[in-house]
Amino acid sequence: MLNENVVKLLNQQINEEFYSAYLYLDFSNYYYDQGLAGFGNWYKIQAQEERDHAMLFLRYLQNNGGRVVLEAVAKPDVDLVSAKAILAEGLKHEQYVTSLIHTIYDAAYSVKDFRTMQFLDWFVKEQGEEENNADTLIKKFELFGDDPKSLYMLDSELGARVYAAPSLVL
């Protein structure tokens, strides 16, 4: 049986993951509006990943006797001022999500909930990858963003990204 606090944190994480999906859809729309369809595609896929993460947390609760409580998803609150600023906000958001995962892990650890800790191991690894991807994208934009031809090539690279559902087994 899951600890009450762990269940509460897992439910909050479901909401945070759906918020992340909304946020990244907002980023995607900005880039599409700016004519950067590759960046738009990249963030649209990020949104799909976040939605799937929410569903993984939901299914974990369902499979382990926890009650799922869905809350309203907040409207994204980031000012979309420039292409580069959005990339920085993306990294900042991934770092925030990492801190949330660590908080759940810590709560599970404190009550010796090894099953939840094992479930979260995938997310700990995933967040490392997400932060690295966001940081790499910022670095590429800083290198190429001022040159129209290079920006076009980077946008084309990001446009080639395809969605791959997570392979986490619960």
Side-chain angles (χ1 to χ4, degrees), residues 1-32 39-81 85-138 158 161-170:
M1 188 154 161
L2 293 172
N3 171 276
E4 183 179 323
N5 185 47
V6 171
V7 170
K8 180 183 112 191
L9 291 170
L10 290 168
N11 271 298
Q12 288 173 349
Q13 191 63 32
I14 291 169
N15 187 267
E16 292 288 349
E17 297 291 342
F18 280 128
Y19 172 81
S20 296
Y22 271 35
L23 179 66
Y24 291 154
L25 279 176
D26 204 27
F27 289 4
S28 176
N29 290 332
Y30 172 87
Y31 285 116
Y32 278 113
F39 283 82
N41 175 67
W42 198 85
Y43 273 109
K44 182 174 62 176
I45 289 172
Q46 284 299 111
Q48 290 173 301
E49 285 186 3
E50 302 303 340
R51 180 205 60 217
D52 282 354
H53 293 169
M55 296 305 292
L56 289 169
F57 280 101
L58 187 144
R59 188 168 24 145
Y60 179 79
L61 279 172
Q62 290 172 336
N63 289 347
N64 290 281
R67 183 171 181 272
V68 175
V69 179
L70 298 176
E71 300 290 341
V73 178
K75 178 182 177 184
D77 60 354
V78 174
D79 287 331
L80 306 178
V81 295
I86 290 172
L87 298 178
E89 288 294 334
L91 175 58
K92 182 177 160 185
H93 184 73
E94 288 300 339
Q95 291 166 336
Y96 169 69
V97 172
T98 297
S99 74
L100 296 174
I101 299 294
H102 290 176
T103 297
I104 303 168
Y105 201 102
D106 187 52
Y109 179 79
S110 71
V111 294
K112 296 184 171 128
D113 181 352
F114 302 112
R115 182 181 306 153
T116 299
M117 290 165 54
Q118 183 181 28
F119 167 71
L120 292 171
D121 283 342
W122 183 87
F123 287 96
V124 170
K125 180 178 180 259
E126 175 71 6
Q127 282 309 120
E129 291 172 9
E130 295 292 359
E131 287 184 30
N132 183 57
N133 288 341
D135 186 55
T136 299
L137 189 52
I138 291 168
L158 298 176
R161 183 181 184 199
V162 295
Y163 178 69
S167 59
L168 179 63
V169 178
L170 302 179

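Starting from 1, each residue takes its place in the sequence as its number.
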**OP:** Could you tell me which non-hydrogen atom of Leu25 sits nearest to which non-hydrogen atom of Ala47, and how far apart they are?
**Re:** CG-CB, 3.7 Å
Original post:
Any side-chain heavy-atom pair from Val124 and Ile101 closer than 4.5 angstrom?
Top reply: yes
Subject >> Glu94 (side chain) donor-acceptor with Gln127 (main chain) under 3.5 angstrom >> reply: no
Original post:
Would you find more than 12 non-hydrogen atoms of other residues, nucleotides or ligands less than 6.0 Å from Tyr22 atom OH?
Top reply: no
**OP:** Taking Asn41 for its side chain and Leu158 for its backbone only, find out whether a donor-acceptor pair lies under 3.5 Å.
**Re:** yes
Subject >> Aromatic ring pairing Phe27/Tyr43, orientation class (parallel under 30°, perpendicular over 60°, tilted between) >> reply: perpendicular
Subject >> For the student: nearest non-hydrogen atoms of Asn15 and Ala72, plus distance >> reply: ND2-O, 2.9 Å
Subject >> Val81 backbone acceptor or donor facing Asp79 side chain under 3.5 Å >> reply: no
Original post:
Counting heavy atoms not belonging to Glu129, are there more than 12 under 6.0 Å from its CD?
Top reply: yes
Original post:
Would a 4.5 Å heavy-atom cut-off, applied to side chains only, mark Glu71 and Phe18 as touching?
Top reply: no
Subject >> Rounded distance (nearest 0.5 Å) linking atom OH of Tyr60 with atom CG of Leu2 >> reply: 5.0 Å
Subject >> Any donor-acceptor N/O pair, Asn11 side chain to Arg67 backbone, under 3.5 Å >> reply: yes
Original post:
Between atom CG of Leu87 and atom CG of Leu137, what is the distance when rounded to the nearest 0.5 Å?
Top reply: 4.5 Å
Original post:
Does the side chain of Phe57 reach to within under 4.5 Å of the side chain of Leu120, using non-hydrogen atoms?
Top reply: yes
Original post:
Does a side-chain heavy-atom distance below 4.5 Å link Phe123 with Leu100?
Top reply: no
**OP:** Return yes if a side-chain donor-acceptor contact under 3.5 Å exists between Asp121 and Tyr105, otherwise no.
**Re:** yes
Original post:
Going by heavy atoms in the side chains, are Ile138 and Leu91 under 4.5 Å from each other?
Top reply: yes
Subject >> Whether over 12 other heavy atoms sit under 6.0 Å from Arg161 CZ >> reply: yes
**OP:** Indicate, with yes or no, if the rings of Phe39 and Tyr30 have centres closer together than 6.0 Å.
**Re:** no
Subject >> Check: His93 and Glu50 side chains under 4.5 Å, non-hydrogen atoms >> reply: no
Original post:
Do the side-chain N and O atoms of Gln13 and Glu17 include a donor-acceptor pair separated by under 3.5 angstrom?
Top reply: yes
Original post:
Atom CG in Leu10, atom CG in Leu56: separation rounded to 0.5 Å?
Top reply: 12.0 Å
Original post:
Which value, rounded to the nearest 0.5 Å, describes the distance between Thr103 atom OG1 and Leu9 atom CG?
Top reply: 7.0 Å
Original post:
CG of Asp106 to OG of Ser99: how many Å apart, nearest 0.5 Å?
Top reply: 12.0 Å
**OP:** Kindly give the heavy-atom pair with the smallest separation between Lys75 and Tyr19, and that separation in Å.
**Re:** O-CE1, 3.8 Å
Subject >> From NE2 (His53) to CH2 (Trp122), nearest 0.5 Å >> reply: 3.5 Å
**OP:** Apply side-chain contact (heavy atoms from CB on, under 4.5 Å) to Ile14 and Leu70, showing your working.
**Re:** CA-CA 8 Å; Ile14 291 169; Leu70 298 176; 4.0 Å; yes
**OP:** Give a yes or no answer on whether the side chain of Thr136 reaches the backbone of Asn132 with a donor-acceptor pair at less than 3.5 Å.
**Re:** yes
Subject >> Trace of the side-chain contact (heavy atoms from CB on, under 4.5 Å) decision for Arg115 with Asn64 >> reply: CA-CA 9 Å; Arg115 182 181 306 153; Asn64 290 281; 2.9 Å; yes
**OP:** Give the C-alpha distance, both sets of side-chain angles, the deciding distance and a yes or no for side-chain contact (heavy atoms from CB on, under 4.5 Å) between Tyr24 and Glu49.
**Re:** CA-CA 10 Å; Tyr24 291 154; Glu49 285 186 3; over 6 Å; no
Original post:
Is any side-chain heavy atom of Val68 less than 4.5 Å from a side-chain heavy atom of Gln62?
Top reply: yes
**OP:** Spell out, as yes or no, whether a donor-acceptor pair under 3.5 Å connects the side chain of Asp135 to the backbone of Glu131.
**Re:** no
